[in-house]
Every structure is written in C-alpha cells, then in structure tokens.
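Have a look at the structure below, then the notes.
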Amino acid sequence: RQQGGLWVTSCSVLVVHCRCAQVIELFSLIYLEDFRRRLKYFFMNPCEKYRARGRKPWKLMLQILKIAITTIQLVSFGLSNEMMVTFKDENLVTFRHLFLKGFKDHRQESYSLYTKADVYDHIHYIINTYINLQNLTVANLAYERVDGEYTPLSVCREFYRNSSIDPGTDTFDIDPHIDKGTKSVDNCSLAAHFNFSLDFKSLLSVNIYLTLKTINLQTVRHHELPDCYDFHIMIMFDNRAHSGKIKVYVENDARIYECRDWNVEGASGKNDYLLLWFDSVVILACLTSLILCTRSVINGIQLQFEFNIFFHAYYNKIVPWSDRMEFVNGWYILIIVSDMLTIAGSALKIGIQTKFLTNYDVCSILLGTATMLVWVGVIRYLGFFKKYNILILTLRAALPNVIRFCCCAAMIYLGYCFCGWIVLGPYHDKFRTLDRVTECLFSLINGDDMYATFLNLRDKSYMVWLFSRLYLYSFISLFIYMVLSLFIALITDTYETIKHHQQDKVPVSQLQAFIAECRDQPESGRYQTDEELTSCCLSPRCCLP
C-alpha cells in the first residue's frame with residue numbers, strides 16, 4: 001500500500017506539474033499576443049488609434065492649432081520687425097547724405113578721399129552739419145542731453161606714438177604703440193574755431209562720434225506705440241593701409257526704448273492687450289504640446305526597454321540599436337525643440353511689446369526657427385498617406401549615408417576654398433575672403449555666375465590666368481559631373497530599396513517582423529483594454545513554483 005500510495009502521489013505531482021506547465025504556456029502566449037498588440041498600437045497613427053480605442057487625437061489637433069497661431073504670431077512680429085529695420089536703414093542712408101559731402105546712393109565703390117585738403121574739408125563739413133542740423137534735415141532729429149547738457153561731438157585720432165618715415169632714402173623708424181587724442185565740439189561752437197592738424201604719415205584713423213535722437217512715428221499707422229531711438233553714429237576715416245586712399249565709413253548703433261511721455265489721440269491700448277493675450281495663448285499651447293510630447297517620448301523609451309528585456313527573455317537575442325531607436329519618435333523631438341523656441345521667442349516678444357527689451361534680432365531668430373520646425377513637422381502627418389510616406393522613409397533612410405557622403409565631399413570642397421583664397425584672392429573680389437570663396441564656389445556648383453567669374457580673371461598675369469582656368473574647370477567638372485551625380489544616385493538607390501520593400505511587404509527589421517505577426521485590425525476591438533499581465537510573465541521560468 002505504501003508503494004501504491006507513493007505511486008499515486010507521484011502521478012498526482014506529475015499531473016499538477018503538467019497542468020502548471022500548460023497554464024504557464026497559456027499565460028505566456030496570452031502575454032506574447034498582448035505585448036505584440038501593445039507594440040502595434042504604439043506605432044499606429046492618430047487616426048488608427050482613434051479607431052482602435054476611441055481616443056481623440058488631442059496632440060494632432062493641438063499641432064494643427066499651433067501651426068495656425070504660431071504663423072499668425074510670426075507674421076505680426078515680422079511686420080513690426082520690418083518697420084524697425086527699415087527705419088534704421090533709412091536713417092543710416094540719411095546720415096550718409098547729411099555728413100558725407102557729395103555722397104551718392106549709386107556709388108559702387110567705397111567713399112574715399114585722396115588729398116589732405118579733402119580730409120580737412122570733410123571733417124569741417126561734418127562739424128558744420130552737426131551744428132546746423134536742425135536747419136538742414138527734414139527728419140525729426142534732436143541732440144542728446146545728459147543731466148541737462150548736450151552731448152558734444154567728439155573727434156578722436158589714432159596714430160603711431162613716434163614715427164619717422166622717409167621713402168626717398170628707404171628708411172623708417174616707428175613705434176608700433178598707438179596713441180589716441182580726442183577733441184570735443186558742442187552744438188553751440190563754430191566749426192571755424194575748431195583747429196587741429198594731422199600727421200598723415202603716422203595717422204591710422206580719425207573717428208568722429210556723435211549721438212542723435214528720434215522717434216519712429218510710422219508705427220502709429222499700424223496701431224503700435226512708437227519707440228524712441230538713440231543713434232550712436234561713428235564716422236571713420238580709415239588710413240591704416242597708408243596707400244594714399246583714405247576710406248570713409250558711417251556706422252550706426254541704435255538703442256530702442258520706451259518714450260518718456262507719450263499720448264496718442266484715440267488710442268486705448270486695447271490692441272496691445274490683445275497682442276499680449278494672444279502671445280500668452282501661444283505660450284500656453286506650446287507648453288501643453290511640450291508636456292504631451294515629452295510624455296510620449298518617455299513612454300516610448302520605457303516601452304523600448306521593456307521590448308529589449310522581452311526579446312532577450314523569449315528569443316535570447318539582443319535588439320539592435322536601429323530597432324531600439326524606432327521607439328524614439330524623431331518628430332516628437334522636433335516638436336519639443338520647436339515648442340521650446342516658441343516659448344522663449346514669445347516671452348521675448350512680450351518683453352519687446354512692453355518695452356522692457358529690444359532684442360528684435362534674437363526674437364526673430366527664435367520665432368522664425370520655431371515656425372520653420374512647426375511647418376516641417378507637417379511632413380509627419382503627410383506620412384500617414386502611403387504615397388507621401390515613401391518619400392519620408394527615403395529621406396530618413398538616406399540621411400546617414402548622405403551625412404557620410406557630405407563629410408567626404410566637404411574635405412575636397414575646403415581644399416578648393418583654401419587654395420582659391422590664397423592664390424586668387426588678391427586678383428578677384430569673389431575670392432578676397434574665405435567666406436566669399438565658399439559662397440562663390442557654392443554658386444558655381446549650382447551653375448550661377450560662371451561666365452562673370454571667368455571674365456574677371458581674364459586680364460591678370462599669364463601664370464595666374466592659367467592657374468585660374470585649371471582651378472575653375474577642375475572644380476566645376478569634379479563637383480557638377482561627379483559629386484552631384486553620386487549624391488543623386490545615393491538617394492535614388494535608397495528610394496528604390498524602400499519602394500521594393502513596400503511592394504513586397506518585407507519587414508526591414510526584427511521589430512517590424514515581430515509586430516507584423518499581429519493580425520488584429522484597429523476596428524477589431526482587441527485594443528480596448530489597457531490591462532496587461534504582470535511582468536513576471538516575461539520569462540516562463542519566472543512563473544514556476
């Protein structure tokens with residue numbers, strides 16, 4: 001009986017173990033299908049997710065709203081920024097006409113002087129114009145006052161400390177240290193009483209500094225509060241080359257601020273409050289989008305770690321990085337960056353509208369870049385359509401190879417840039433500086449301005465002329481007929497590969513092959529529940545007693 005009892009007990013244990021193994025296998029299959037369904041749901045587009053679980057695509061609707069309001073905000077700020085830049089540029093032209101004797105807008109070369117009498121005459125002309133400015137200009141210009149006193153005009157000279165130069169005997173003795181001397185002229189002085197002498201052999205430059213004030217009234221017509229401007233003007237007589245040609249430059253640095261006392265008839269400030277309210281709505285929308293997209297990125301990263309553990313437990317394989325990076329949605333990263341730029345730009349725009357800040361350039365860069373990224377993000381929604389999606393997949397698949405190809409081509413391009421700058425720079429304006437060389441060669445790649453580039457080197461020395469022909473012909477032949485052709489072939493090959501995979505419906509990765517085994521359609525109702533099995537079922541051995 002004891003032996004029989006042991007036999008019965010052993011059979012009972014085996015039955016229990018068999019049933020436990022069946023239960024474990026059943027739970028493993030259930031979890032496998034459920035996890036595969038979760039992955040498929042994660043990679044669905046918003047429309048498919050709506051059909052699968054009935055959840056409204058809030059992020060999609062928010063992005064569409066963002067496109068509209070950020071574009072309206074950018075247009076509004078762009079018009080204001082355009083008026084500011086135009087006002088500054090037109091005032092700079094006005095200062096050139098006022099203070100440069102005989103200045104013409106159609107002048108092609110730089111404004112230059114060649115005799116001592118011209119230099120003295122122009123300096124006295126600038127001082128006279130400054131003193132009689134109120135009687136000469138048609139602009140609303142006024143002198144700056146500090147503590148009730150007018151800011152004077154300053155004439156500053158820069159020259160070598162000690163110098164003795166005699167080209168006739170080929171001798172010179174010079175101290176490279178630079179000394180400065182300054183004289184001031186207020187608006188009540190007479191230019192005839194301003195006497196000074198210049199030693200042109202040691203003279204480096206004469207800089208004339210003056211400050212003028214004005215108000216930008218054109219913004220009133222656009223229902224904006226006018227700004228007050230301080231123009232800090234510098235007129236430079238540049239003699240550093242000592243070549244007998246003194247170049248004259250007019251530079252203008254503007255400071256924008258809120259006027260001290262203002263009154264606009266019929267203005268209630270309602271438009272300003274509406275703009276501030278609209279900018280606040282933009283910030284709120286972008287902040288909401290930022291939170292939602294950040295949450296989606298975090299969920300994708302968590303699911304990526306779970307898939308990595310699952311794949312290692314069931315298949316004893318390591319998930320490649322290309323598959324793991326598919327969980328990180330690049331479009332969400334793009335939207336996050338765009339939202340951060342929009343929030344920063346909108347905050348800066350509010351500061352500009354309330355006259356606490358004047359960083360127009362920084363604000364325009366932030367808002368312009370953010371709006372560009374928002375519109376680029378529209379491509380994501382075009383990818384929901386099959387014919388558009390193949391183009392997007394081609395761009396994404398070709399990007400790594402394109403970057404590698406561009407790095408190799410950049411080495412050749414930089415070599416030509418340095419060579420052209422050193423050899424052709426002294427003889428051709430387009431090769432005078434390194435940034436000009438890069439722009440010129442890029443234009444040649446696109447077939448722009450070829451004949452003019454060749455023509456300007458025709459009258460040079462024979463050796464330079466011969467080198468320039470070899471240089472230009474080799475560059476154009478190499479980049480247009482070879483580099484660009486290889487670049488196009490690289491993208492075309494990627495396009496054909498993606499097209500072949502889509503036609504044959506061949507999964508291109510382990511992740512896609514794993515998800516493709518799920519045959520449940522979004523309308524099947526199998527995606528309605530969010531309940532998942534416990535993580536212990538990641539491995540059958542974890543469920544053993």
Side-chain angles (χ1 to χ4, degrees), residues 85 89 92-93 96 100 103-114 158 167 176 178 200 203-207 234-253 361 365 368 402-490:
V85 173
D89 291 342
L92 180 58
V93 175
R96 287 172 178 166
L100 297 184
F103 178 80
K104 302 296 181 182
D105 285 335
H106 56 78
R107 184 184 297 273
Q108 297 296 325
E109 298 180 357
S110 60
Y111 191 92
S112 304
L113 305 175
Y114 299 92
E158 293 184 356
I178 298 175
F200 288 92
L203 180 68
L204 291 173
S205 66
V206 177
N207 300 327
M234 183 188 72
I235 304 172
M236 173 188 284
F237 295 78
D238 188 3
N239 190 42
R240 284 177 235 177
H242 288 91
S243 61
K245 178 181 180 179
I246 297 181
K247 299 179 181 179
V248 184
Y249 304 99
V250 179
E251 297 181 1
N252 178 28
D253 183 22
D361 292 337
I365 291 173
V402 167
I403 293 176
R404 298 187 192 98
F405 180 82
C406 290
C407 290
C408 296
M411 300 299 105
I412 306 174
Y413 186 80
L414 288 175
Y416 270 92
C417 287
F418 284 111
C419 179
W421 175 42
I422 295 299
V423 179
L424 303 180
Y427 305 98
H428 201 300
D429 288 338
K430 294 182 180 179
F431 293 85
R432 194 61 52 85
T433 59
L434 190 58
D435 60 328
R436 286 188 182 181
V437 177
T438 57
E439 295 167 1
C440 176
L441 294 183
F442 189 78
S443 298
L444 290 176
I445 292 177
N446 292 278
D448 297 336
D449 212 16
M450 283 190 182
Y451 181 72
T453 305
F454 280 94
L455 184 64
N456 291 342
L457 288 167
R458 179 170 294 178
D459 300 328
K460 310 306 176 184
S461 66
Y462 177 75
M463 183 175 295
V464 175
W465 177 86
L466 181 61
F467 178 84
S468 67
R469 264 50 190 172
L470 294 174
Y471 174 85
L472 293 174
Y473 280 124
S474 62
F475 176 81
I476 293 171
S477 301
L478 178 63
F479 274 84
I480 292 182
Y481 302 127
M482 294 181 62
V483 175
L484 288 183
S485 298
L486 289 174
F487 183 82
I488 295 172
L490 187 67

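What you see is a predicted model, and the numbers here were worked out from it, not measured in a lab. One is the number of the first residue; the rest follow in order along the sequence.
- Rounded to the nearest 0.5 angstrom, Tyr111 OH and Lys104 NZ are separated by 10.0 Å.
- Note that the NZ atom of Lys247 and the CG atom of Leu113 stand 12.5 Å from one another [nearest 0.5 Å].
- When all heavy atoms are compared, the tightest approach of Leu92 to Asn252 is CD1-CB, 3.6 Å.
- Relative orientation of the Tyr413 and Phe475 rings is tilted, given thresholds of 30° and 60° on the angle between their planes.
- Among all heavy-atom pairs drawn from Leu441 and Cys417, the shortest one is CD1-SG, 3.7 Å.
- Summarising the geometry of Ile480 relative to Leu484, their closest heavy-atom pair is O-CB, 3.7 Å, with the distance given to 0.1 Å.
- Remark: Glu439 CD to Thr433 OG1 distance equals 7.5 Å, nearest 0.5 Å.
- Ile365 meets the side-chain contact (heavy atoms from CB on, under 4.5 Å) test with Thr369; sequence neighbours excluded.
- Residues Asp429 and Arg432 are in side-chain contact: their nearest non-hydrogen atoms beyond the backbone lie under 4.5 Å apart.
- For residues 405-420, no residue pair satisfies the salt bridge (Lys or Arg N to Asp or Glu O under 4.0 Å) rule, not counting sequence neighbours.
- Separating the CG atom in Leu434 from the CH2 atom in Trp421 is a distance of 5.5 Å, to the nearest 0.5 Å.
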request  = May I have the step-by-step check of side-chain contact (heavy atoms from CB on, under 4.5 Å) for Val423 and Val464, ending in yes or no?
outcome  = CA-CA 8 Å; Val423 179; Val464 175; 5.5 Å; no
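- Atom CZ of Phe200 sits in a crowded spot, with more than 12 heavy atoms from other residues, nucleotides or ligands closer than 6.0 Å.
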request  = For side-chain contact (heavy atoms from CB on, under 4.5 Å), just list the numbers for Cys419 and Phe467, CA-CA rounded to whole Å, side-chain angles, deciding distance to a tenth of an Å, and then say yes or no.
outcome  = CA-CA 11 Å; Cys419 179; Phe467 178 84; 3.5 Å; yes
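- Counting all heavy atoms, side chain and backbone alike, Leu203 lies closest to Asn239 at O-ND2, 3.0 Å.
- For the pair Phe405 and Val483, the tightest heavy-atom approach, listed with the atom from each and the gap, is CZ-O, 3.4 Å.
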request  = Begin with the C-alpha distance, continue with both residues' side-chain angles, and end with the deciding distance and a verdict on side-chain contact (heavy atoms from CB on, under 4.5 Å) for Ile412 and Phe479.
outcome  = CA-CA 9 Å; Ile412 306 174; Phe479 274 84; 3.9 Å; yes
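- Atom CZ of Phe487 sits in a sparse spot, with 12 or fewer heavy atoms from other residues, nucleotides or ligands closer than 6.0 Å.
- Between Phe431 and Tyr471, the ring planes lie perpendicular to each other; the angle is over 60°, past the 30° to 60° tilted range.
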inquiry  = Could you walk me through whether Tyr416 and Leu478 satisfy the side-chain contact (heavy atoms from CB on, under 4.5 Å) test, starting with their C-alpha distance in whole Å, then the side-chain angles of each, then the deciding distance to 0.1 Å, before giving a yes or no?
reply    = CA-CA 11 Å; Tyr416 270 92; Leu478 178 63; 4.1 Å; yes
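- Counting all heavy atoms, side chain and backbone alike, Asn207 lies closest to Met236 at OD1-CG, 3.3 Å.
- Under the rule for a side-chain contact (heavy atoms from CB on, under 4.5 Å), the partners of Ser477 that lie at least two apart in sequence or sit in another chain are Tyr481.
- The distance from atom NZ of Lys245 to atom OG of Ser112, rounded to the nearest 0.5 Å, is 4.0 Å.
- Taken to the nearest 0.5 Å, the CG atom of Leu444 stands 7.5 Å off from the NZ atom of Lys430.
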